[in-house]
Amino acid sequence: MGFFPAGPARPQGPRDLGGISLATLHKGGCSICPLNHQRGLQHPQMKPHGAARPLVYMLGEAPGEKEDEKGRPFVGPAGDMLRQHMPDKWRDDRLRWNNVVRTRPPNNRDPAPVEIECCRPSIITDIEEAAPAAIFGFGNVPLHWATRQTTISNWNGRRIPVRIGKHVCWYFPMLHPSYILHLPSRNSEEWEFIFALNLYHAFEAVEAGLPKPVVHTPERALANVEVIDGSGGEADVKRVIELIRGLYDEKTAGLDYETKRLRPYYNDSRILSVGLSSRTSTFAFPVDHPGGWKKTRHRDAVVDEYKRFLYEAPTVKIAHQLAFEHEWSGWTFGRDCIRTGWEDTASQAYILDERPGHGKCHSLNFLCVQYFGLPIKDLHRLDKDNLNKAPVRDVLQYNAVDARYCRFLHFPQMQRLRDEGLEGVYRSHMRRIPTMVLTQMKGIPVDQEVVADFDKKFTARKAKIEAEIAAIDVVQQFTKRKGAPFNPGSNPDIMFVLNKLLLLGTANCDESVLETVKHPFARAILRYRNVTKLHSTYVKCLMPATQNEKTDLHPDGLIRPFLLTTKTRTWRTSSEGPNEQNWPKRENKELRSQVRKRGHKVVSFDYGQIQARNVGMESRDPVLVKAFWDHYDIHTDWTEALVRLYPAWIKEGAKTLATDPKLFKKYRDRTKNELVFPSFFGAQATSVARYLGIPDNIARELHDRFWDRFGGIRNWHRRVAADYKKTGYVTGHSGFRRRGPISPNELINAPIQADESLIVCDAMARLSELGPEEYQANMEIHDDLTFIWPTEKVDEYSEVVIREMLRVEYDWINVPLVVERSIGDDWAFKEDAGVFETKRDGSYYEIKK
DNA sequence: AGTCGCTGCGCG
DNA sequence: AAAGCGCGCAGCGACT
């Protein structure tokens, strides 16, 4: 759909300087610049404009038509838009304006690398003389010019310390206003809002007084790194032990592992090396790198000392992507070492700014550019995917520098968390990391007999359908016309059949389209898709490595999906490898029966209607809140209201509804799913009309009454939107923030999902913190915690889980919570086994067995 | 050979 | 036949 684009991103290949050296271009300047040989320019080699000693230096790409005409930078439509959003007090006496290239390129094209380099010395000199506290740069071109970074959409809204010639200052990357002006109008307004907000915050930061910018040099990054490679035998052991013991007196230590394999569960998984960095030392030593210790006892002595450090040192350990270090530490040195003091710089970065940027904006390298102006990965020439084979000293140096920068990042990020009132959010988030890691370590048992049965069945079914498809008339026509075999997995092939052979004129070929096509071809394709989807997504990932290289099965017969805590925009977890959160539950639910363990029961606990309850918590709507306490069925109410307003909605006749309870339930469910919940989550009357299949004016009338009744919810919707316009983000009780751009419906959804996740993860963490492994969930699926327990223990353990899931201490919980239990021999076929609800005094009771 | 975006479809 | 939101994965096809 792409309501919001990822932002302007122009790929930057290697710069083509036409074979001319940088030195030549810099020396030649305007005299050799191709732009100077154009005709019809009114103001080539345009001079900078504004204050001689400005606070802020406004840097654009190049003059446009208007600029060339008037002889001043930033005076075209883009400049007008920019000025419109500038605070009044920022007059030209505090600003200086210039472009990376001072002569207009033809047709407003991007300036070429050669042109940029010819101009560079004059711009640098001007910035050196102007000595601004900050440069506000607009678009990709100045960003790359000043920082060598690409992709402005990743940088927009952040700030980077930069060195320009001899001058060091802060660089604020902004979108280019002309890019925003050229977006389709709906996107344009939203991005203009983001742009204005960034500009406002940037001026505010300058006004408040920026901290001293420090740009780290490669020399500084590498200075005093002690690499102990093990070649010195006893002496090296002694030195490592000495260094580790030195850390006990330090408050903090950066910590980083290099490993063979991503995860510790395989026979050949190894920690290759450990990097540690404190105020006084930065060092790395090998553990199982093949170029490391020559004698096992040396290796073991060092590992012993390191393990003692993990358990006993008062030092707080700082990692980047802590879940990784936790999983390796917990598996290698025992699960208890991961609840000693740890910090995670990736989580800090995510809480400070969760905007994704293709997942790159929270990498250690990116953050080192952001905070220290130095891309630390560029310091090393190393095959990162093959550290096992890389020279041990290279690995160790790389490892130590990473540890150093984990620690370096911790301080400014913690400062910003405090400044923004987000420290509590960070602390609450940090409980998730050991919790999720321990769930990963525990794993999910898979029954290989069941897996083999499914594989056989799906393989046979797939072959049969393929044969059927090949025999269909249109498929044979396809082969004749195209001279190539028909691939039922290829949507272009399917589209060809639908549009060129069956003459349908459809824009896509998804399920809803194919269902309407009468021809047997469509039915066959749907069956083919169903079989291949289920087979490859839910069976192959469980097969042994001997049968499927890409399996997610671990050698001990368990799967261990990652439960990631800094991946979603809404602070839910996400799951991958395989995704445990999307296994079929209705049709084809039997696929879940692959998860089972002999002598054990699968026991699931769902929070009932958690998101609807979250709406009550966020909106505090009195009618909704009261309905939860009184077990009042609002859906029945609204079914009746709709029938009174529009009897024709009941195809079977409104009268039969009163006498047929099953029919009533059907329409009640439709009301719930097509009117009540969508409206809670921001659906408009026209959408509701479409879902329900009723006229627009009826839906509007219905909505008027609905919002009359649930005014608290409507007010909450409005409040959230108004807050967003002020702050540029949306938040809720959880305190987690989602930054703009945000569409109106995302605005409503984000706090709901965050609160939901907080409640579930808090319960999961409290259970985990109890200690015994039985209370560590095997799975977490948004509103569901699932455990696999010995049959005879189910009652005993259940009681604890229900107690903890219902014992929530947040003071914003204003409705009862409900937990529904189900129990089965496998994950697929479970029986309901009790519904439990909190009372006002915090105790709970069982509603029904 | 690996990356990337797209489509389609599974879940909450 | 299509816009309440949030995810991950397989396969394809275009690209390097």
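Throughout, a chain's letter reflects where its sequence line sits, starting with A, and its residues are numbered from 1.
For A:Leu747 and C:dG6, the CG to C1' distance is 15 Å, given to the nearest whole Å. Rounding to whole angstrom units, CH2 of residue A:Trp827 and P of B:dC11 are separated by 11 Å. Regarding A:His717, its NE2 atom lies at a distance of 13 Å from the P atom of C:dG4, rounded to whole Å. Protein atom CZ of A:Arg690 is 7 Å distant from nucleotide atom C1' of C:dA3, rounded to whole Å. At whole-Å resolution of the value, CG in A:Asp755 and P in C:dG6 are 16 Å apart. Atom NZ of A:Lys585 and atom C1' of B:dG10 are 13 Å apart (whole Å). Taking atom CD on A:Glu756 and atom C1' on B:dC11, their separation rounds to 12 Å, with Å as the unit. Note: CD1 (A:Ile752) to P (B:dG12) measures 18 Å, nearest angstrom.
When only modelled atom types and interatomic distance are considered, A:Thr786 and A:Asp784 share a side-chain donor-acceptor pair under 3.5 Å. In this structure, a donor-acceptor pair under 3.5 Å is present between the side chains of A:Asp510 and A:Ser512. Side-chain contact annotation: A:Thr573 with A:Gln581, donor-acceptor N/O pair under 3.5 Å present. Under the 3.5 Å distance criterion, with hydrogens and angles disregarded, no donor-acceptor pair is assigned to the side chains of A:Glu780 and A:Thr439.
At the heavy-atom level, A:Pro678 lies nowhere under 4.0 Å from the strands shown. Using a 4.0 Å heavy-atom distance criterion, A:Arg586 is classed as a sugar-phosphate-only contact. A:Thr573 comes within 4.0 angstrom of no nucleic acid atom, judged by non-hydrogen atoms across all strands.
Taken residue by residue, residues 495-520 of chain A places heavy atoms nearer than 4.0 Å to DNA chain B at A:Asn508, A:Cys509, A:Asp510, A:Glu511.
The backbone N or O of A:Gln753 lies less than 3.5 Å from no partner atom in the side chain of A:Arg572, so there is not a single donor-acceptor pair. No side-chain donor-acceptor contact under 3.5 Å links A:Ser575 to the backbone of A:Pro561.
For A:Thr516, the side chain to side chain donor-acceptor pair (under 3.5 Å) test picks out no residue, with sequence neighbours left out. Under the rule for a side chain to side chain donor-acceptor pair (under 3.5 Å), A:Gln609 has no partner lying at least two apart in sequence or in another chain. Qualifying side chain to side chain donor-acceptor pair (under 3.5 Å) partners for A:Arg432, counting only residues two or more places apart in sequence or in other chains: A:Ser757.
Between A:Phe521 and the options A:Tyr528, A:Phe486, A:Phe496, a ring pair (Phe, Tyr, Trp, His ring centres under 6.0 Å) holds for only A:Phe486.
Between A:Asp783 and A:Gln611 there is no side-chain heavy-atom pair separated by less than 4.5 Å.
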Give the dot-bracket line for DNA chain C from 5' end to 3' end: parentheses for intra-strand Watson-Crick or G-U pairs under 3.5 Å, square brackets for crossings, | for inter-strand pairing, dots for unpaired. ....||||||||||||

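Residue A:Gln753 places a side-chain atom within donor-acceptor reach of the base of C:dC5, judged by atom type and a 3.5 Å distance cut-off alone.
Within the 6.0 Å centre-distance limit, the rings of A:Tyr724 and A:Phe193 are counted as a close aromatic pair.
Using C1' as the reference atom, B:dG5 and C:dG4 are 25 Å apart when rounded to the nearest Å.
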5' to 3', nucleotides 8-16 of chain C under a 4.0 Å protein heavy-atom cut-off (B base, S sugar-phosphate only, - none) gives BSSSSS---

